[in-house]
S.K.: 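Dumping the structure here so I can ask a few things about it.
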Amino acid sequence: MSEERSLNFLEQIIEEDIANGVNDGRVLTRFPPEPNGYLHIGHAKSICLNFGLAKKYGGQTNLRFDDTNPVTEDTEYVESIKADIQWLGFQWAQELYASDYFEQIYNFAVQLIKKGLAYVDDSTPEEIAASKGTPTQIGTPTPYRSRSIEENLDLFERMKNGEFKDGEKVLRAKIETEQFEEGSPERSNMHMRDPLMYRIKHAHHHRTGDKWCIYPMYDFAHGQSDSIEGITHSICTLEFIPHRALYNWFIAQLGIFPSRQYEFARLNLTYTVMSKRKLLQLVNEKHVSGWDDPRMPTISGLRRRGFTPASIREFCERIGVQKRENVIDVSLLEFLVRDELNKTANRVMAVLDPVKLVITDYPDDKVEEMTADNNPEDPASGTRTILFSKTLYIEREDFMEEPPKKFFRLGPGLVVRLKNAYIIKGESFDKDENGNITTIYATHYPESKSGGDTSGLNVKGTIHWVSAAHAKTAEVRLYDRLFNTPDPGNEEGDFKSYINPDSLTVIPNALIEPSLVDAKPGDKLQFLRKGYFTVDPDSTAEKMVFNRTVTLKDTWAKEAKK
RNA sequence: UGUCCUAUAGUAUAAUGGUAGUACAACUGAUUUUGGUUCAGUUUGUCUAGGUUCGAAUCCUGGUAGGACAACCA
């Protein structure tokens, strides 16, 4: 599989650790989502990394929900996150929750208070912010910083017992900025300025219910959870770099298992946004139908759009992992899903924008059975029978009244092959009062039938079709990029003003070949010459619904633009 | 006007002191009963200025540029 691929920086770190016997060569990672939203493709990168690295080095990965803020979290998200991870093809060693450790983390806090390394502060958020100083100027203690250990112990217990209201008191670490040398990273690190460890929130927690009214902050929960589980490599994104000093400080003061934190650059994708806040806005303001709208970069959205777990995993593999900010071209993801579907998706014929075609020299009531390959890339996929008759429908764009030289399709006097059937020659057409073509008339070459062509004709173009009498109708949803600018999150003004107005085109009455009636939600197909499609969960036997995953590469579209 | 992180084709990613390579994108051409696939080929790159070295994308120094950090979010 990964023969001679060079090591990324995380693999190098791990291999060095193993070589040096760190943790006896044990590798245990974790994927730590907060259950307050749906997973997106950026999370997929983290999932593939954490699970992939552990697997590669004979280790395991825990799924740990970082549920320390009951106000925003919910079991609904827990379920979707678990489903998405498994759909991607990964299985965690243990399903854990930071809230499982609330008792232990509370005891850690008591320990630090006893060491004189934490204190209860009654200041307001504004006062606390002011007390932290600035990166260039060290902070000034609040009046509560000098409380005795006994008083802190008492107050912290009473915080836990619910004697105070939300926001009335917090527990802060006590870190002397003066001990750090002038110009040292620690001295100018704002996260080291007596960071908050606990705050009061009289809120119902999705797992612990009303047992607690104080909750640890990220910095006093994440590293502690890592340590409790014996996580060896705690991999997170770049914005946590300044937290690392604190991460290590708490672990050192507590004298607990030394998990190590490493940071990588999060994934950005062109033509979409990735922040939870922005995605939530798109959902709440109904710019999309929900978290699983096929235009969303969420795992559930990509799934509904027709992307496969393998293509997403391969994508995460190919983009690599680094510490520099990056914006990956979404065309790579599209390339990879085409690459997979080309080998696995059966070909079928569907006409999205039908115009009637009559083969004038074909018998009125004759119906012929034609044989079609299901997938020329996969001989094992076999063949199927499709029905041909005098009256057909073809794609409106496949006929031109006055075709240019390079137009290899149908027009007056032009010959073209009907896929899996006959070569025909365009003869004439009818127009309505608005100038729209209503019916095209053509003649056929009987000896050019697919499979037994003795006509000796050589045509440049092949078009798809359905038989008018046999075709079924279906709804087809054509999805395109959600935004019309590569980096909507960083453009001037509201990112929502860059939403692509044509990101969804619904075709209520496309015509599909009858074999499609057996397709089930999630099935992947190639509509010949039109793209890869999947059956939407909305689909029913009465009204089938297909989502376009991605178009085929279309060199004609480029040529036509010239 | 502090500290930290980063800097290789359009976008990503290799080269770990010794020929700057790969993928996507773009462009040619061949093949093709999908203007798909496949195949062959082309264009485009080491942020900058010094230094070390026989030799620097790589090591050192200074600059420049981009990003992060001062939520009772994670």
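In what follows, chains carry the letters A, B, and so on, assigned in the order in which the sequence lines appear, proteins first and then strands, with residues in each chain numbered from 1. Computed from heavy atoms alone, side chains included, the values below leave out hydrogens, waters and symmetry copies.
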S.K.: Rounded to whole angstrom units, what separation is found between the CG atom of A/Leu238 and the P atom of B/G67?
M.R.: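 Computing the A/Leu238:CG to B/G67:P distance gives 13 Å.
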S.K.: Over all strands shown, is A/His222 touching base, sugar-phosphate only, or nothing at heavy-atom distances under 4.0 angstrom?
M.R.: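 Nothing: the residue A/His222, judged by heavy atoms under 4.0 Å, touches no strand.
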S.K.: Determine the Euclidean distance between corresponding C1' atoms of B/U42 and B/A25; express it in Å to zero decimal places.
M.R.: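 Each nucleotide's C1' atom is 14 Å from the other's.
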S.K.: Hey, are A/Tyr445 and A/Asp453 close enough side-chain-wise for a donor-acceptor pair under 3.5 Å?
M.R.: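 No, A/Tyr445 and A/Asp453 have no side-chain donor paired with an acceptor closer than 3.5 Å.
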S.K.: Mind checking A/Asp219 for me? I need base, sugar-phosphate or nothing, with any heavy atom below 4.0 Å counting as a touch.
M.R.: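 A/Asp219: no heavy atom of the nucleic acid under 4.0 Å.
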S.K.: Nearest nucleotide by nearest heavy atom, which residue falls closer to the 5' end of RNA chain B, A/Ile319 or A/Thr136?
M.R.: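 Result: A/Thr136.
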S.K.: Say we look at B/A49 and B/U6: how far apart would their P atoms be, to the nearest angstrom?
M.R.: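 Pairwise P distance, B/A49 against B/U6, rounds to 23 Å.
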S.K.: Between A/Thr68 and B/A74, does any side-chain N or O lie under 4.0 Å from OP1 or OP2?
M.R.: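 Yes, within the criterion.
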S.K.: Could you tell me whether the phosphate oxygens of B/A70, OP1 or OP2, come under 4.0 Å of any side-chain nitrogen or oxygen in A/Gln137?
M.R.: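 So the side-chain polar atoms of A/Gln137 never come under 4.0 Å of the phosphate oxygens OP1 or OP2 of B/A70.
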S.K.: Could you let me know what B/C72 is paired to, Watson-Crick or G-U wobble, both distances under 3.5 Å, or none if it's on its own?
M.R.: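 Across any shown strand, B/C72 pairs with none.
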S.K.: Would you measure the distance from the P atom in B/A23 across to the matching atom in B/A57 and give it in whole Å?
M.R.: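 Approximately 23 Å lies between the P atom of B/A23 and that of B/A57.
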S.K.: Which part of the nucleic acid, if any, lies within contact of A/Val170, taking any heavy atom under 4.0 Å across all strands shown: a base, the sugar-phosphate backbone alone, or nothing?
M.R.: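 Base contact.
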S.K.: Counting only Watson-Crick or G-U wobble pairs whose two distances fall under 3.5 Å, which nucleotide matches B/U61?
M.R.: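 B/A49 is the nucleotide pairing with B/U61.
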S.K.: Is the distance between the ring centroids of A/Tyr422 and A/Phe388 under 6.0 Å?
M.R.: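 Centroid distance A/Tyr422-A/Phe388: below 6.0 Å, so yes.
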S.K.: Classify the nucleic acid contact of A/Gln322 as base, sugar-phosphate or nothing, counting any heavy atom under 4.0 Å across all strands shown.
M.R.: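 Sugar-phosphate, backbone atoms only, no base.
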S.K.: Going by purine N1 to pyrimidine N3 plus the second Watson-Crick contact, or the G-U wobble pair, all under 3.5 Å, which nucleotide sits opposite B/U28?
M.R.: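 With both distances under 3.5 Å, B/U28 matches B/A40.
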S.K.: It should be established whether A/Thr555 places a side-chain nitrogen or oxygen under 4.0 Å from OP1 or OP2 of nucleotide B/G36.
M.R.: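 So the side-chain polar atoms of A/Thr555 do come within 4.0 Å of the phosphate oxygens OP1 or OP2 of B/G36, strictly under.
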S.K.: Can you confirm whether the side chains of A/Asn36 and A/Glu34 place a donor and an acceptor under 3.5 Å from each other?
M.R.: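 Yes, a side-chain donor-acceptor pair sits under 3.5 Å.
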S.K.: Is it the case that more than 12 heavy atoms not belonging to A/Arg313 sit under 6.0 Å from its CZ atom?
M.R.: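 Buried by this count: over 12 neighbours within 6.0 Å.
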S.K.: Tell me the partner of B/C54, counting only Watson-Crick (N1-N3 plus N6-O4 or O6-N4) or G-U wobble (N1-O2 and O6-N3) with both under 3.5 Å; none if nothing fits.
M.R.: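 B/C54 is paired with B/G18.
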S.K.: Would you say A/Arg324 places a side-chain N or O within less than 4.0 Å of OP1 or OP2 belonging to B/U13?
M.R.: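 Affirmative; the distance criterion is met.
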S.K.: Counting any heavy atom closer than 4.0 Å, what does A/Phe407 reach on the DNA or RNA strands: base, sugar-phosphate only, or nothing?
M.R.: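 Here A/Phe407 touches the bases of the nucleic acid.
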S.K.: So, A/Thr308 versus A/Glu340: side-chain donor-acceptor pair below 3.5 Å or not?
M.R.: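 On atom types as modelled, these side chains qualify, holding a pair under 3.5 Å.
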S.K.: For B/U34, what is the paired nucleotide under Watson-Crick or G-U wobble rules, both distances under 3.5 Å?
M.R.: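 Pair assignment: B/U34 / none.
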S.K.: For nucleotides 20-26 of chain B, tabulate all protein N/O to nucleotide N/O atom pairs closer than 3.5 Å, reporting atom names and distance.
M.R.:
from  : atom 1 : to       : atom 2 : distance (Å)
B/A23 : O2'    : A/Arg318 : NH1    : 3.0
B/C24 : O2'    : A/Ser331 : OG     : 3.2
B/A26 : OP1    : A/Lys558 : NZ     : 2.8

S.K.: Checking only heavy atoms, does the side chain of A/His243 share a donor-acceptor pair with the base of B/A74 at less than 3.5 Å?
M.R.: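 A donor-acceptor contact between them is present.
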S.K.: For A/Lys169 and A/Asp121, run salt bridge (charged side-chain N to carboxylate O under 4.0 Å, His left out): C-alpha distance rounded to whole Å, both residues' side-chain angles, the deciding distance at 0.1 Å, then the answer.
M.R.: CA-CA 6 Å; A/Lys169 288 178 165 44; A/Asp121 198 329; over 6 Å; no
S.K.: Contact class for A/Gly37 (heavy atom, under 4.0 Å): base, sugar-phosphate, or nothing?
M.R.: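 Nothing, no heavy atom under 4.0 Å.
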S.K.: Sort out the partner of B/A23 for me: Watson-Crick or G-U wobble, both distances under 3.5 Å, none otherwise.
M.R.: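 By the stated definition (distances under 3.5 Å), B/U11 pairs with B/A23.
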S.K.: Checking all strands, does A/Thr270 fall into the base, sugar-phosphate, or nothing category for heavy-atom contacts under 4.0 angstrom?
M.R.: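 The residue A/Thr270 makes no contact with any strand.
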S.K.: So, A/Trp556 and B/G35: ring centres less than 5.5 Å apart, planes less than 30° off, yes or no?
M.R.: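 The ring of A/Trp556 is stacked on B/G35.
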S.K.: Is it possible for you to check whether A/Arg147 lies under 6.0 Å from the centre of the six-membered ring of A/Tyr119, through NZ or CZ, and within 45° of that ring's axis?
M.R.: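 Judged by the rule, A/Arg147 and A/Tyr119 form no cation-pi pair.
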S.K.: Honestly, is A/Lys160 close enough over A/Tyr106, meaning NZ or CZ under 6.0 Å from the six-membered ring centre and within 45° of the axis?
M.R.: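 Yes, a cation-pi geometry.
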S.K.: Indicate whether OP1 or OP2 belonging to B/C73 is found under 4.0 Å from a side-chain N or O atom of A/Arg199.
M.R.: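 Answer yes for this pair, as a side-chain N or O of A/Arg199 is under 4.0 Å from OP1 or OP2.
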S.K.: Nearest 0.5 Å, what's the CD-NZ distance between A/Gln281 and A/Lys276?
M.R.: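 The CD atom of A/Gln281 sits 15.5 Å away from the NZ atom of A/Lys276.
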S.K.: Taking any strand in view, what nucleotide pairs with B/C4 in a Watson-Crick or G-U wobble way, both distances under 3.5 Å?
M.R.: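 Pairing partner, where one exists within any strand: B/G67.
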